[in-house]
Amino acid sequence: MTQMYFQKGFGLGALVAPALLRTYASPVVERLRQGGFTAAAGDLRLTLAREFGFCYGVDRAVEYAYETRERFPDRRIFLCGEIVHNPDVNARLQEMGITILSGSNDPAIRHAEIGADDVVILPAFGVTVPQMADLTARRCVLVDTTCGSVLNVWKKVRQHARNGFTVVIHGKHYHEETRATVSQALTESGAHYLCLRDVREAAVLCAFLRGELEAADILAQFAHACSPGFDPDRDLQRIGLANQTTMPTRESLAVQEMLREVLRHRHGEAALAERFRAFDTICSATQDRQDAIHALLDAGGLDRMLVVGGYNSSNTQALAALCAPQVPTFHVRDASCIHPAAICHRPVGSPTEITTCDWLPEGRVTVGLTAGASTPDSVTGEVVERILAVRGYVPADLR
Ligand code: SF4
């Protein structure tokens, strides 16, 4: 039997559009958008970033999932992990009878119950090469929603690896997208990779490249973030850099400059092109959302900033990290985090949620808002309504 593989939807967009609108749109967010992204109720002003919420990749992935349910009403449908990192979106897909596969990273275990009659949706951040091979062998129907911007990163890292460059990724080694990306690099013979989470880890790598650290120091620090058999002395002679699509752009550029500089110093300007190559693979949606935050912060006047999105959403974390140094910032999962006298939120870099009391000052106050690329407007809208309610207002009071 030939495997059925779908990558471009089923042409059922018009059929699922009403359900998507009903589920994920928000009248109050739309009103703020139409009103220039800012409005006030009494002495409470709300100001939205000009780019926020669902990106093109998430829009497409969620629509494909809805189309898949329509196209295969009688089949079992599985999602290979979360479709995007937003609990509300994943919960709604589960309500539609779609089962999220989780647990073991071993594809044979994770996919154990998948058979040829089943349908499997691949998430926006893609799956690893071994996962894909296992699913292909099971001959199930595959609906691939991998974002085009992620496919672009895969292409770039394969190019690095094919040309003999060890792939260095500015990204989180445990994130689904980065795991899928490094597995692509390893399809090239003799390839290796190393993941750097931030400038602090880039500085460690640079110290090694300057001869200030031993290979053992690198292996000790990056044991879980490099390829099997990685040898720092052998595998850092030529470096090809790329990014997880949702990292902070300015940090990615800083990492790039740090590596370029240290390799220029080590090998000389003339040899640099043969020792270091870099592709900026931050996606345009991430860039737009971060640019909008910079614009909002530069305009000034914010007393509080709320960043709405899943706690495991990389791009939402990046937005919160941009805001936190400049204004008291609360990364909230959804409206249930907001209470009259307290707010539950996850501080930047913290693995746990905490509660902060008296988060909204009395009197005249301006609250900035943004939402990660996997956060639907419906969730952002509920947050807006909850903030208004804390001050005793309803959306109709916004002017
Ligand atoms: S954040 Fe970027 S890479 Fe990820 S799904 Fe959205 S557009 Fe694609």
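Order of listing sets the numbers, starting from 1, for every ligand and every atom in it. Side chains are part of it too, since the values below use all heavy atoms of this structure and drop only hydrogens, waters and symmetry mates.
The ring of His85 has its center closer than 6.0 angstrom to the ring center of Phe125. The distance between the ring centers of Phe10 and Phe72 falls below 6.0 angstrom.
At least one donor-acceptor pair closer than 3.5 Å links the side chain of Arg289 to the backbone N or O of Ala285.
Excluding waters, the count of protein N/O/S atoms less than 2.8 Å from atom 6 (Fe) of ligand 1 comes to 1.
Residues in residues 382-399 take part in these side-chain hydrogen bond (donor to acceptor under 3.5 Å, both in side chains) pairs, two or more places apart or across chains: Asp43-Arg391. Within the structure, every pair that satisfies the side-chain hydrogen bond (donor to acceptor under 3.5 Å, both in side chains) test and touches residues 19-34, not counting sequence neighbours, is listed here: Tyr24-Tyr66, Glu30-Arg33, Glu30-Gln34, Arg33-Asp377. Residue pairs meeting the side-chain hydrogen bond (donor to acceptor under 3.5 Å, both in side chains) criterion with at least one partner in residues 224-242, sequence neighbours excluded, are His192-Ser227, His192-Arg234, Gln237-Arg275, Arg238-Glu274.
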